[in-house]
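For the numbers below, each heavy atom of this structure counts, side chains included, while hydrogens, waters and symmetry mates do not. Positions are given from 1 along the sequence.
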Amino acid sequence: MMGRLIRGLNQVDVGVAAFALVFMALIPLIEILSRPLMGKGIDNAPVVVQHLGLLMAMSGAVAAERFGHLTSLGLLLPRFYAVGQWGAAAICGILAWASAQLVVSEMSAQQILAYGIPVWWFEMTMPVGFTFLGLKLGARSGGQGWVRVIGAVVMPLLGAYVAYNFDGMDLPVWPWLLCLAVLLVCGAPIFAVLGGLALALFWQDGLPLASIALSHYQITVNPSLPALPLFTLAGLIFAGTGAAQRLGAVFVALFGGGKTGTVIAATVLCSCFTAFTGGSGVTILALGGLLLPLLRGVGYPERKGISLVTSASALGVLLAPSVPLIMYAIIARVPINTMFLAGVVPAMVMVVCLLIFGGYLREDNPFATSVAIQPDKTRLSLRQAVLHAKWELLAPLVAVGSLASGIATPTESAALTAIYAVLTQAWAHHELDVKKLLASLSQCAQIIGGVMLILGMALGLTNYLVDAGIPDLATEWVQSVTQSKWVFLLALNVFLFAAGALMEIYAAIVVLVPLLLPLATSYGIDPIHFGIIFLANMEMGFLCPPAGMNIYFASAVFKQPLRTVAASVAPALLAIFVGTLIISWLPLLATGLPSYVMSFMH
């Protein structure tokens with residue numbers, strides 16, 4: 001009985017996140033239907049959805065910790081794993097206290113969200129969430145029971161005590177930086193290190209710590225942000241059903257069933273699937289077991305096939321409705337639909353570069369006797385494959401078409417796509433049952449919860465750097481070094497390549513875009529063009545350790561040593577870098593389609 005109760009309590013985080021996510025999809029749909037029918041919708045509906053996103057993000061973050069899905073740079077010092085977790089627990093204690101101060105200020109303001117519900121009810125999820133994260137991270141130290149109790153209780157309380165006694169005081173930053181470096185190599189989650197760095201910088205200037213909690217709140221309730229979990233949910237639903245097999249049949253039929261056609265089909269399928277799933281690692285999990293046997297069946301070398309699937313899964317970042325594409329639009333304050341259009345042609349360029357310069361279309365041994373491939377009598381014709389996959393092929397039209405046409409806002413477009421995915425996979429294909437839907441909701445909450453923790457902490461750090469005038473100083477220094485736009489673009493690509501290998505993509509977007517965008521515009525680079533350059537470089541980061549998650553996923557899925565996978569994608573890195581340089585030096589590739597569509601609509 002007690003065991004069942006504990007297991008039930010352990011599921012509360014996923015249940016709360018799933019509840020919030022379901023209503024985040026339903027409320028915009030009700031809005032779309034009620035506006036033309038009744039002339040009005042739900043009171044303050046967009047803001048309600050945004051605050052449901054806060055509830056989903058914090059409960060999803062707790063669930064991500066429980067399942068071990070909080071991103072870190074790996075465990076470089078395994079013997080000191082407990083140190084990293086204890087330090088992260090203490091930082092969570094500080095963040096819980098800072099969040100509580102924000103809630104107290106909102107309680108006195110008495111701001112109402114809708115239907116008499118005060119805003120601070122939702123803001124309470126931050127101190128509660130950080131408290132649970134601190135308890136759980138502290139308990140991860142292992143060892144005997146009393147050691148776990150010390151980690152789970154004492155460390156968060158110690159963090160809260162430090163925050164209470166030293167908030168607003170000037171403290172030296174270097175001891176904090178040394179401690180954070182130790183925590184990072186001991187396996188502390190990235191959000192804790194970023195949050196700790198922001199705390200150290202704010203403490204250095206005697207600024208209130210509640211500013212960091214405010215940054216986390218602001219990014220989580222951003223008007224466009226609910227689109228992220230909803231598009232991700234749609235992609236995970238497609239990944240959990242037979243959609244991948246149906247789309248694979250379409251692309252194989254379109255490009256031909258031979259070796260070359262299958263390679264092109266696998267590359268395009270991986271790119272398109274990543275755009276919807278929100279993470280290239282999810283694409284490898286969903287498609288790896290399908291595509292590698294398909295490539296082997298046409299005589300393609302296994303190691304080369306692993307390299308192709310791993311690297312092609314990174315290319316979907318530039319295609320709508322990619323989550324990083326939306327995230328850049330939010331941070332850079334450019335229209336989301338413009339970014340959707342801007343990524344189409346560069347994504348095609350990247351696919352072509354990967355296939356040609358990566359050597360995936362080249363025969364390794366042109367003098368070897370070719371393998372005779374028997375025609376597959378079960379393979380569908382193009383017409384049959386399209387009919388079988390018609391609902392999946394229409395999904396991008398629902399996602400992008402509803403947004404580009406002006407029928408729906410970004411959040412409403414994402415909600416329509418999520419509902420569309422549920423209805424088509426459950427009723428049209430009968431492949432989505434309640435168990436699979438709940439699994440998709442749980443996985444989505446964990447992915448987005450972990451991402452939002454990183455974004456919130458990174459935004460606090462970015463706000464400090466912007467207020468300190470770092471972008472202006474960087475612009476002055478770089479322009480004193482070179483006045484050439486082309487030299488700057490080359491240096492920018494090299495820097496972003498290194499940043500992508502060292503930083504998680506969402507942290508890179510939030511921290512680096514506000515710093516580098518003013519610098520890029522000073523050289524006459526369009527913000528849309530800069531965004532495509534930035535994200536194209538981040539694609540390379542997926543394939544580079546220590547932050548390159550694709551090679552870790554591929555190593556696990558294909559049961560190959562990490563070193564083997566990392567070596568196999570080296571040609572792909574060179575090919576993607578070439579594609580990035582082409583996109584950098586030909587801005588029309590990114591800006592041409594948005595400009596044409598805009599002029600056509602006018």
Side-chain angles (χ1 to χ4, degrees), residues 222-228 230-232 234-235 267-278 280 314-354 392-417 420 489 505 509 513 517 520-521 524-539 576 579-580 582-602:
N222 183 284
S224 299
L225 209 71
L228 270 64
L230 294 173
F231 277 131
T232 302
T267 306
V268 175
L269 177 59
C270 286
S271 302
C272 295
F273 216 76
T274 297
F276 258 98
T277 58
S280 52
L315 299 185
V317 168
L318 295 177
L319 285 172
S322 153
V323 172
L325 204 62
I326 298 171
M327 196 67 242
Y328 174 82
I330 293 171
I331 297 299
R333 297 179 182 177
V334 297
I336 292 176
N337 52 356
T338 304
M339 285 301 298
F340 280 2
L341 293 171
V344 174
V345 177
M348 295 178 182
V349 171
M350 297 299 273
V351 168
V352 172
C353 286
L354 179 68
E392 289 78 18
L393 293 171
L394 288 172
L397 294 178
V398 174
V400 182
S402 59
L403 181 60
S405 64
I407 296 173
T409 65
T411 298
E412 291 169 348
S413 171
L416 277 175
T417 308
Y420 177 86
L489 281 171
I505 184 170
I509 292 171
V513 168
L517 183 55
T521 54
I525 299 170
D526 187 276
I528 299 295
H529 183 211
F530 172 76
I532 298 302
I533 296 172
F534 187 96
L535 294 174
N537 276 284
M538 292 300 108
E539 290 180 337
I576 295 174
T580 304
I582 293 172
I583 293 168
S584 301
W585 290 333
L586 295 175
L588 195 64
L589 293 173
T591 59
L593 183 59
S595 299
Y596 174 77
V597 171
M598 193 69 67
S599 62
F600 177 79
M601 292 180 69
H602 284 308

Distance in Å, [X] [atom1] paired with [Y] [atom2], rounded so as to fall on 0.5 Å steps:
| X | Y | atom1 | atom2 | value |
| --- | --- | --- | --- | --- |
| T591 | I532 | OG1 | CD1 | 10.0 Å |
| I582 | M350 | CD1 | CE | 9.0 Å |
| I533 | T580 | CD1 | OG1 | 9.0 Å |
| I509 | L535 | CD1 | CG | 5.5 Å |
| M327 | I336 | CE | CD1 | 9.5 Å |
| I505 | F534 | CD1 | CZ | 7.5 Å |

Considering all heavy atoms of both residues, which atom of [X] and which atom of [Y] are nearest to each other, and what is their separation?
| X | Y | result |
| --- | --- | --- |
| L318 | A536 | CD2-N, 4.1 Å |
| I326 | P321 | CD1-O, 3.9 Å |
| C353 | G579 | SG-CA, 3.6 Å |
| P410 | F231 | O-CE1, 4.5 Å |
| M339 | A329 | CG-CB, 3.9 Å |
| G316 | S322 | O-CB, 3.6 Å |

Who pairs with [X] by side-chain contact (heavy atoms from CB on, under 4.5 Å), at least two apart in sequence or on another chain?
| X | result |
| --- | --- |
| A332 | Y328, V334, V513, L517 |
| L397 | L394 |
| S271 | L315, L319, V351 |
| P594 | T338, L341, A342 |

Could you pull out every donor-acceptor pair under 3.5 Å between side chains of residues 524-531 and any protein atom, sequence neighbours left out?
unit_1, atom_1, unit_2, atom_2, d
D526, OD1, I528, N, 2.7
H529, NE2, I583, O, 2.9
H529, NE2, S584, O, 3.4

task: With sequence neighbours excluded, tell me which residues meet side-chain hydrogen bond (donor to acceptor under 3.5 Å, both in side chains) with S402.
output: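 S402 satisfies side-chain hydrogen bond (donor to acceptor under 3.5 Å, both in side chains) with S413 only.
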
task: Flag the pair L586 / V349 as yes when at least one side-chain heavy-atom distance between them is below 4.5 Å, and no otherwise.
output: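 No, every pair of side-chain atoms sits at 4.5 Å or beyond.
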
